[in-house]
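Just so it is clear: chains get the letters A, B, ... in the order the sequence lines come, proteins before strands, and each one is counted from 1.
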Amino acid sequence: MYRYDEFDRRFVEERVAEFSDQVARRLSGELSEDQFKPLRLMNGVYLQLHAYMLRIAIPYGTLSSRQLRKLAFIARTYDRGYGHFTTRQNMQLNWIALKDVPEILGHLADVEMHCLQTSGNCIRNVTADQFSGAAADEIADPRPYAEILRQWSSIHPEFTYLPRKFKLAVTGAPNDRAAIQVHDIGLELRRGEAGEIGFAVYVGGGQGRTPMVARKVRDFLPEAELLAYCTAILRVYNLYGRRDNKFKARIKILVHETGIEELKRDIEAEYEALRAENETLSVPAEEIARISAYFAPPAFESLPERSAAFETALLRDPDFARFVERNLVRHKQQGYAALTISLKPIGLPPGDASSSQMEAIADIAERWSFDEIRVSHEQNLVLPHVRLDDVPLVFAELQRNGLAESNAGLVTDIIACPGLDYCSLANARSIPIAQRISERFADPARQREIGDLKLKISGCINACGHHHVGHIGILGVERKGEEFYQITLGGTGDETCSIGEIVGKGFSSAEIVDAVETVIDTYLALRTGPDETFLQAFRRLGEAPFVEALYPAKAA
Amino acid sequence: MMKKPRSATTLAVTGNDTRNGRAVFRTPTGAWSQDVSEAEVAESKEAGENLLARAEADARQTIVVDPYLIEVAAEGDRLVPTRLRELIRVSGPTIVEIGDAAALSRAA
């Protein structure tokens, strides 16, 4: 893991001191809310329905046990004993008092964490594949590059007041688990003809009220040119991005209004000008090596491919077999596995973990996963490096702590934003809908019959719940004081990225779970067989049979 | 953030406590309470605007953040917001929180 150097430590400590002073001035009345709001947002402090909300940055979703224990401590001491893991791999606390924020930031700084750039019109927390450094299909670990981007973008003087927020994601594998094509800049690590590392660069993706799939602007960008090229993109955006209308200010709108070819020319021209005047933006090979050393593989043992303890447990324990079937991911290192810890227990809020659970996971990671935990953008946690021999022991510990739900990638593994239960922007509740859907499909056998299915729920058009890229997406809206839910179908955030289409008028809160079941039953009836996933079936069939099933009167 | 009051409605003014962010309501004494039933009510647009003006003065004194008017209705001896959003602000999340019991009760 990356460790702070003296510069990082001093920088974060100075920011804690600066914001502590700003909080004190706000509480004393010296600063008005209008003056204070942009300052608190730069430090991850929102004001939500019930209290201040603190968004803690978890760069590229990587945590140590020590850091997770600190998050548990903060949640228990200053909040209500739980945290909410988000689709940007961050953690939010929903019940924070403003007076406590400086102290909390001090605790975070003690474990090399902060809340900087988790809000505001700046470059946000860089996200990455949750299986980085572990996945068998990985070309290279994306975290060193995410860390380089983090360092480059932290209080970057030119990019601190962009037209709008700006999000980057990096995947190290061709199977995109980081949803890079719905980011302002998406980076896919590749190898060139000589085996050298580089990136395919995508620009202009995003969700929100105008969802768009990013466009590729470079097929192969050499790794040394990463920062220079990102600078060129940001400069073009900063110069031409709209500032007259906040809803049209993201780079995706610039791509749409300018046209990708013209924008590519602008970016390349800016890039050439930048290179001509300043070569120092190239990332030196020694710096890449220095950062990469922090992410060197842990001291894996040389293990056989198969584990007798693992296979015996598979035969003896059906619950363990179900867990392995869904929550175990093949590791690049023989004899190891990555495990998804589902934060989607049936009937409970998606993405939440109690302080006790965080501490239990920290203990498990320390003992059995080289002290590492990951946060996925799908609101789960991951143990990236577990010996196959130890998987039965880890499973038993997860069971003891209510963390062994075997539903990764199934219909009950739902992404949901906080919605109207917490969020001041929301129009409708998300979490109760997720809970009711997970209860409806609670039967493990039924979930497995349905197979891979990504269901995502947002409580407003800002799409924090990623509904646009759900195979089944649900968008909550308010109509005449009532909550209604629109269904979108066919979205996906993977390497075949597509935006889901709205299938028709919305459903009431009472109707929406039945409507989801109708969609799923239609899929089950029409699929060619269990091997045809929901998304494959939808792409083959189109929306017509689903619309007919959802709106029979209209079809007649 | 001011919501224009409609006619023939009962209004109260709400905001968030500057110190802890909790939803609060201005009472007839000028204090702010987390109990909406203690709120001062206004029965006309003019009275609502007057109530809001006093709340905005409190905001300038750093007592509350972003005050605005909401519609409320009497239910027995209680006042209840008419919009779901405001009901949730008054009653808390409509879901079961999973936090450790001690922390939940301490922060309640």
Heavy atoms of other groups near [X] [atom1], more than 12 under 6.0 Å:
| X | atom1 | answer |
| --- | --- | --- |
| A/Glu482 | CD | no |
| B/Arg78 | CZ | no |
| B/Arg19 | CZ | no |

Looking at CG of A/Leu27 and OG1 of B/Thr18, how far apart are the two atoms once the value is rounded to the nearest 0.5 Å?
8.0 Å
Distance check, rounded to the nearest 0.5 Å: B/Asp66 atom CG versus A/Lys37 atom NZ?
6.5 Å
Which residues satisfy the side chain to side chain contact (heavy atoms under 4.5 Å, CB included) test with B/Val96, sequence neighbours excluded?
none
Between A/Gln357, A/Gln435, A/Lys99, the one whose heavy-atom pairs under 4.5 Å with chain B are most numerous:
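Of A/Gln357, A/Gln435, A/Lys99, A/Gln435 has the most heavy-atom pairs under 4.5 Å with chain B.
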Residue, of A/Ile431, A/Asn94, A/Asp352, A/Leu47, that accumulates the most heavy atom pairs under 4.5 Å with chain B:
A/Leu47
Between [X] and [Y], which heavy-atom pair has the shortest distance, and what is it?
| X | Y | answer |
| --- | --- | --- |
| A/Tyr52 | B/Gly21 | CE1-N, 3.4 Å |
| B/Arg22 | A/His50 | CD-O, 2.9 Å |
| A/Ser354 | B/Gly99 | CB-CA, 4.4 Å |
| B/Ala23 | A/Leu49 | CB-O, 4.1 Å |

Are A/Arg429 and B/Ile88 close enough, and set up right, to give a side-chain contact (heavy atoms from CB on, under 4.5 Å), and what steps lead you there?
CA-CA 10 Å; A/Arg429 286 172 289 173; B/Ile88 291 172; 3.8 Å; yes
For chain B, which residues from residues 417-428 of chain A have at least one heavy atom closer than 4.5 Å to it?
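Answer by number: A/Leu420, A/Asp421, A/Tyr422, A/Ser424.
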Only counting residues at least two apart or in another chain, list the ones meeting ring pair (Phe, Tyr, Trp, His ring centres under 6.0 Å) with A/Phe73.
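Counting only residues at least two positions away or on another chain, A/Phe73 forms a ring pair (Phe, Tyr, Trp, His ring centres under 6.0 Å) with A/His107.
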Can you name the residues of residues 58-65 of chain B that have some heavy atom under 4.5 Å away from a heavy atom in chain A?
B/Thr62, B/Val64, B/Val65
Where on A/Ser32 is there a heavy atom nearer than 4.5 Å to chain B: the side chain, the backbone, both, or neither?
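Neither part, no heavy atoms under 4.5 Å.
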Side chain, backbone, both or neither: which part of A/Gln48 has an atom under 4.5 Å from a heavy atom of chain B?
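It is the backbone, since no side chain atom gets that close.
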When heavy-atom pairs shorter than 4.5 Å are enumerated against chain A, which of B/Asp17, B/Leu84, B/Thr82 gives the highest number?
B/Leu84
